[in-house]
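For clarity, every value in this text was computed on a predicted model and none was experimentally measured. Sequence lines set the chain letters: A, B, ... in the order given, protein chains first and strands last, and positions in each chain run from 1.
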Amino acid sequence: MSVRVQQEAFDYGAECAAFAAQPGSAGAVVTFCGIVRDNDGTLRGMEIEHYPGMTERALARIEAEARTRWSLTDALIIHRHGPLMPGEMIMMVATASRHRAEAFAAAEFLMDYLKSRAPFWKKEQTAEGAAWVAARDEDEDALGRW
Amino acid sequence: MSVRVQQEAFDYGAECAAFAAQPGSAGAVVTFCGIVRDNDGTLRGMEIEHYPGMTERALARIEAEARTRWSLTDALIIHRHGPLMPGEMIMMVATASRHRAEAFAAAEFLMDYLKSRAPFWKKEQTAEGAAWVAARDEDEDALGRW
Amino acid sequence: MTLTVLYFAWLRERIGLPRESVETSAATVADLVEELRAREERYALAFSDLKAVRVALDQDLAEFDAPLAGVREVAFFPPMTGG
Amino acid sequence: MTLTVLYFAWLRERIGLPRESVETSAATVADLVEELRAREERYALAFSDLKAVRVALDQDLAEFDAPLAGVREVAFFPPMTGG
């Protein structure tokens, strides 16, 4: 179980390989990775601001909550902050469990909660300037299903 | 978009990295991998039989169906057959889409359908001998949600 | 007509062969199963519980009441357990 | 009491600073917001629509009616957009 908040890039393939290499009693591994979309070429870059201290605390709490809800043999959250270019990876989660339903549900839960409950804020740079990304109603609504 | 049916091992980390390296307009990548559980040390090995020809056809059809249901920028299915040891990876799927909800739903759909609609059969070897794995009612029931 | 009939997993083991050519005038899968059952004990055993048997016609899943006209390959197997 | 007050994202930009020390006797977050609003136009603007503002007390999300007794760090920020 681990949570990492960092400015540096991470190696998604290596993280997936390492995560799945220690399955224990798990038969199912799910990973998610979020990538900066280029929005049809209009996005020049992105800056992610966060709240050091609270970020780690919020992610650890979300991960602990997932472990109380599902029987996970392992879980991982990596989230970057700072400047990011289109095509770069923003974050990833990984979950491992005995059967696939739990691994999928836990990965979606982690994503839903870290989207709306971990203190990150995205600012996008385009030719028109920089603008803070607005929270989407559907992201808030997604929490209702858990 | 690709479907691979093979006896050889695949490199999950390398496949994840390659899949996520060409995101196009995708902002979300989901991967799943299935691993041979050791069942608390009782499982000595497993053999997966399949129906050459129909297997590729069934997987391609399942993948095409996923692409009609969700807007995917890419999808991948790899499934092994032949002898497998505990801890080895059996198969993986990967999906990429603009937002996470579609990538998650499509990955779960691919898993549900290939579990119960692609012609693979698992036989487990234990100290008591070899036995064909029985299909689980919940796997058949899972199809009902789509 | 001449059909190629394939057996997989425990159906293959019970019947004792992975494939055979079958000369038949069966109209449906169910008719073909009746012919096979009547042949020998090992076939009767393999097909004793059809709820545990699935069938594919020319590599597409089908039902037991499906017609065999135009079909070349019939496969019998247990419920699938991939993934 | 003396609070450390933090601002993030567009709240930080509108107010023009990331953190400050605030001497206050506000009983709740809402009282503190009223005091800040009364200070200067940039605070009034930043807090003009509280539906667009979230608050954390000592790094836990809280409501605007939460009491400030015992709190050392208050953070204001827009709805989060991680992931």
**Message:** With heavy-atom distances below 4.5 Å as the criterion, would you say the side chains of A/E49 and D/F8 are in contact?
**Reply:** yes
**Heavy-atom contacts under 4.5 Å, residues 19-52 of chain D to chain A** = none
**Asked** Are D/M80 and A/S116 side-chain neighbours, meaning at least one heavy-atom pair lies under 4.5 Å?
**Response** no
**Fill in**
Okay, A/H81 and chain D: the region with an atom under 4.5 Å from a heavy atom over there is neither
**Item:** pair D/L6-A/Y51: side-chain heavy atoms closer than 4.5 Å
**Value:** yes
**Residue selection (most heavy-atom pairs with chain D, distance under 4.5 Å) from A/M91, A/K115, A/R80** = A/K115
**Prompt:** Is it the backbone or the side chain of A/K122 that comes under 4.5 Å from a heavy atom of chain D, or both, or neither?
**Reply:** both
**Request:** Could you look at D/A9 and say if it's the side chain, the backbone, both or neither that has a heavy atom under 4.5 Å from chain A?
**Result:** both
**Message:** Under 4.5 Å from any heavy atom of chain D, what part of A/I90 do you find: side chain, backbone, both or neither?
**Reply:** side chain
**Asked** When you measure from the side chain of A/H79 to the backbone N and O of D/G82, does any donor-acceptor pair fall under 3.5 Å?
**Response** no
**Fill in**
d(D/F77 CZ, A/W121 CH2) to nearest 0.5 Å is 5.0 Å
**Request:** Give a yes or no on this: more than 12 heavy atoms of other residues, nucleotides or ligands lie within 6.0 Å of atom CD of A/Q6.
**Result:** yes
**Asked** Do any of residues 130-146 of chain A have a heavy atom less than 4.5 Å from a heavy atom of chain D, and if so, which, in residue order?
**Response** A/W132, A/V133, A/A134, A/A135
**Fill in**
Honestly, the part of D/P78 sitting under 4.5 Å from a heavy atom of chain A is both
**Prompt:** Where on D/R12 is there a heavy atom nearer than 4.5 Å to chain A: the side chain, the backbone, both, or neither?
**Reply:** side chain
**Evaluation steps, side chain to side chain contact (heavy atoms under 4.5 Å, CB included), between D/Q59 and A/T55** = CA-CA 8 Å; D/Q59 307 190 349; A/T55 310; over 6 Å; no
**Message:** Using side-chain heavy atoms (C-beta onward) and a distance below 4.5 Å, is D/L61 in contact with A/R117?
**Reply:** yes
**Request:** Answer whether the closest heavy-atom distance between the side chains of A/M54 and D/E73 falls below 4.5 Å.
**Result:** no
